[in-house]
Amino acid sequence: MPVTSDAPLTVGFDLDMTLLDTRPGIRATYLALSAETGTAIDADLVVTRLGPPLLDELRNWFPAEELDAVAHRYRTLYRDHAFAPTVALPGAHAALDAVRAHGGRVAVITGKYEPNARLHLDHADLRADALVGDLWAETKGVALREHGATVYVGDHLGDIRGAKHADAVAVGVATGPYGAEDLLAAGADVVLPDLTAFPAWLDGHLAGR
C-alpha cells in the first residue's frame, strides 16, 4: 500500500457511480441526442460502461468528423436532462463529511465535463474544495498529485490506474461496472461495497499513519 505522508489530508473522489448515480440522467441525455440527430443509440448499453471519456463513447455511434459537434450538443442537452434524475449514492455526503472531520480537503477528479460536474455537485449539495474535470485514468493521477491527494476513491478500473499513477491509496467502491474482485485485480488497495463504509475505513487508515 502507498505510504501516506504527514501533509494535510486531501482525499480525491470520482464523480459518476462513486458519489452520484448519474445513469438515469445520462440515459435521458443520450435518448434526447438520438432523437435530435436521428442516430440510433443504445442508451441502456451506454450506462453500463460509464467512466471513459465522452468521445470514446460517441465514437460508437457517430463518424469521426461529427464527434466534436456532437459532444458539444450532448453537453448542452445534458443540462436539460441530467440533473433532476441524478441522486447521491448511499454514503456520499457522509464520506465527504468524514474527510472534513479529520481536517481534510475533498478533491473531485472526474472524467465529466467540468462545468456540468460543478452543476451536479451543486444540485446534489455536495461540496468539493477542488474540482477537476475532463480527466481519465493516468491523467487523473496528474491532478491528484497537483492537489496533494494521498487517497483516491473510485468505481472504475481507470480510477485505480489514476490513484496508482499518483502513488495514492486506491480505494475502490463496488457501485459501478466492476465488482470487488476486478477492482482488487486492477490494484486497488482496498475495496468497499459502497461509500457507507468509507468513514470507518478512513478512521482506521488514518489511525495507522
Side-chain angles (χ1 to χ4, degrees), residues 11-30 43-54 56-57 78 82-100 104 106-113 116-128 131-133 135-137 140-141 143-144 149 151-164 166 168-205:
V11 177
F13 289 88
D14 174 50
L15 186 67
D16 295 275
M17 300 313 300
T18 299
L19 290 171
L20 298 176
D21 185 350
T22 51
R23 291 173 299 182
I26 290 172
R27 181 180 183 276
T29 304
Y30 272 103
D44 292 318
L45 174 61
V46 169
V47 298
T48 68
R49 55 192 187 196
L50 303 182
L54 173 62
D56 285 9
E57 182 59 52
Y78 196 92
F83 302 124
T86 293
V87 296
L89 283 164
H93 291 90
L96 304 195
D97 290 344
V99 175
R100 296 198 170 96
V106 170
V108 174
I109 310 297
T110 175
K112 191 172 295 297
Y113 179 55
N116 286 348
R118 173 65 65 191
L119 291 171
H120 261 312
L121 292 174
D122 290 345
H123 185 268
D125 194 26
L126 291 166
R127 183 170 62 86
L131 168 65
V132 186
L135 300 179
W136 166 241
K140 288 188 172 186
L144 290 167
V151 175
Y152 186 55
V153 186
D155 69 286
H156 201 283
L157 305 188
D159 298 327
I160 306 304
R161 287 161 53 193
K164 293 299 182 183
V169 177
V171 179
V173 284
T175 47
Y178 295 99
E181 290 185 2
D182 292 324
L183 293 164
L184 288 168
D189 296 299
V190 62
V191 176
L192 308 175
D194 57 37
L195 287 177
T196 61
F198 179 79
W201 175 84
L202 184 63
D203 289 345
H205 170 67

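The first residue of the sequence shown is numbered 1, and numbering continues consecutively from there. Please read all numbers here as calculations on a predicted model, not as lab measurements.
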Kindly indicate, with the supporting measurements, whether the criterion side chain to side chain contact (heavy atoms under 4.5 Å, CB included) is fulfilled by Arg127 and Val106. CA-CA 8 Å; Arg127 183 170 62 86; Val106 170; over 6 Å; no
Atom pair [atom1]/[atom2] of [X] and [Y] - distance to nearest 0.5 Å:
{"X": "Leu96", "Y": "Phe198", "atom1": "CG", "atom2": "CZ", "answer": "8.5 Å"}
{"X": "Leu15", "Y": "Leu121", "atom1": "CG", "atom2": "CG", "answer": "5.5 Å"}
{"X": "Tyr178", "Y": "Asp159", "atom1": "OH", "atom2": "CG", "answer": "10.5 Å"}
{"X": "Arg23", "Y": "Asp16", "atom1": "CZ", "atom2": "CG", "answer": "10.5 Å"}
{"X": "Leu89", "Y": "Met17", "atom1": "CG", "atom2": "CE", "answer": "5.0 Å"}

Test side chain to side chain contact (heavy atoms under 4.5 Å, CB included) on Val46 and Arg27 and set out the steps. CA-CA 7 Å; Val46 169; Arg27 181 180 183 276; over 6 Å; no
Which heavy atom of [X] sits nearest a heavy atom of [Y], and at what distance?
{"X": "His156", "Y": "Pro52", "answer": "NE2-CD, 3.8 Å"}
{"X": "Pro24", "Y": "Pro85", "answer": "CB-CB, 3.9 Å"}
{"X": "Lys140", "Y": "Gly162", "answer": "CB-CA, 4.4 Å"}
{"X": "Ala128", "Y": "Val108", "answer": "CB-CG2, 3.7 Å"}
{"X": "Thr175", "Y": "Pro193", "answer": "CG2-O, 3.6 Å"}
{"X": "Leu144", "Y": "Ala166", "answer": "CB-CB, 3.7 Å"}

Should Val47 and Tyr30 be marked as a side chain to side chain contact (heavy atoms under 4.5 Å, CB included) after you check the CA-CA gap, both sets of side-chain angles, and the distance that decides it? CA-CA 10 Å; Val47 298; Tyr30 272 103; 5.9 Å; no
Determine whether a donor-acceptor pair (N or O, by modelled atom type, separation under 3.5 Å) exists between the side chain of [X] and the backbone of [Y].
{"X": "Asp189", "Y": "Ala170", "answer": "yes"}
{"X": "Tyr152", "Y": "Ile109", "answer": "yes"}
{"X": "His93", "Y": "Ala124", "answer": "yes"}
{"X": "Thr18", "Y": "Asp155", "answer": "yes"}
{"X": "Lys164", "Y": "Gly187", "answer": "yes"}

Non-hydrogen side-chain atoms of Val169 and Trp201 separated by less than 4.5 Å: yes
Ile26 side chain near Lys112 side chain, heavy-atom distance below 4.5 Å: yes
Pair Phe13, Leu195 - check side chain to side chain contact (heavy atoms under 4.5 Å, CB included), show working. CA-CA 11 Å; Phe13 289 88; Leu195 287 177; 4.3 Å; yes
Result for side chain to side chain contact (heavy atoms under 4.5 Å, CB included) between Val173 and one of Leu192, Val190, Leu19, Asp194 points to Leu192
